[in-house]
Amino acid sequence: MKRFITLLLPIIIFNTSIPYSQTSLKVKGLMEIEINKSEILDVTRQLKQLMIDKNLVELNKILDSHFTLTHITGYVQSKEEWFSEIESERMKYYSYKEVKNTIKIEDDKATFVSQNLFDARIWGSRNTWRLQQIMQLEKRKDKWIILKSVATTF
């Protein structure tokens, strides 16, 4: 009987620890997803505020070197050209109000969809634009970088 219990005890301990470790891994994974979502939301909000502040130095830190911005007209603009437009105030951003955000994460890549009311003057026309931005991001060295943004209206 003692030998039976000695053999049975490790089996019982092993079998009861499996659900705990699976649950623990699941919770850890969910926490990681929520942390990533929070970081993505932070960096995309930072992008909008830096646009308003005309802070090209900080914008450059959160945008990929090959970043492109596709406007509602379909025009694809390089980061350098966009920065030039912001600097000259041909594109001037005043404020924004968030309407809705969604985030989809797959490994170190993410898609962020944001609907905002954006008060901006673009090439001479000032308006409160109903902009939907679809941004592609990538996590590099624990930091989310914005690769591109495609704007449409909603």
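The shown structure was predicted, so the numbers you read here are calculated from the model rather than taken from an experiment.
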* Worked check of side chain to side chain contact (heavy atoms under 4.5 Å, CB included) between F67 and I146 -> CA-CA 7 Å; F67 172 85; I146 302 168; 3.8 Å; yes
* Is there a side chain to side chain contact (heavy atoms under 4.5 Å, CB included) between W82 and L63 once you walk through the steps? -> CA-CA 12 Å; W82 184 47; L63 300 176; 3.8 Å; yes
* To do: Go through the steps to decide whether L56 and E87 satisfy the test side chain to side chain contact (heavy atoms under 4.5 Å, CB included), and finish with yes or no.
  => CA-CA 8 Å; L56 304 180; E87 195 169 50; 4.0 Å; yes
* To do: Using the side chain to side chain contact (heavy atoms under 4.5 Å, CB included) rule, take Y75 and L69 through it: C-alpha gap first, then chi angles, then the decisive distance, then the call.
  => CA-CA 8 Å; Y75 180 68; L69 171 63; over 6 Å; no
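Between K109 and E106 no salt bridge is recorded (no basic side-chain N to carboxylate O distance below 4.0 Å). A salt bridge does not link K143 with E39: none of the charged nitrogens is closer than 4.0 Å to a carboxylate oxygen. Looking at R140 and D64, a side-chain N of the basic residue comes within less than 4.0 Å of a carboxylate O on the acidic one, giving a salt bridge. Ion pairing of D119 with R126 is present here, as a side-chain N (NZ or NE/NH1/NH2) and a carboxylate O approach within less than 4.0 Å.
Note: E81 CD to E85 CD = 5.5 Å, rounded to the nearest 0.5 Å.
Closest approach of K79 and S65 over heavy atoms only: NZ-CA, 3.7 Å. Of all the heavy atoms in Q136 and I134, the pair that sits closest is NE2-CG2, 3.9 Å. Of all the heavy atoms in Y96 and Q49, the pair that sits closest is CE2-N, 4.4 Å. Here the closest heavy-atom approach between residue T44 and residue F112 is recorded as OG1-CZ, 3.3 Å.
Annotation for K92: atom NZ counts as buried by contact number, over 12 foreign heavy atoms lying within 6.0 Å. Around CG of N127, the count of heavy atoms belonging to other residues, nucleotides or ligands within 6.0 Å exceeds 12. The number of heavy-atom neighbours closer than 6.0 Å to CD of E58, taken from other residues, nucleotides and ligands shown, is above 12.
L147 and I40 are assigned to two separate hydrophobic clusters, defined by single-linkage of ILVMFWY side chains at heavy-atom distances under 4.5 Å.
Judged by distance alone, the side chains of S114 and N116 do bring a donor and an acceptor atom under 3.5 Å apart. With no hydrogens or angles considered, no side-chain donor-acceptor pair links R121 and Y93 at under 3.5 Å.
Just one residue in the list N36, L41, I62 forms a side chain to side chain contact (heavy atoms under 4.5 Å, CB included) with W144, and that residue is N36.
Relative ring orientation between H71 and W123 is described as tilted, the plane-to-plane angle lying within the 30° to 60° band.
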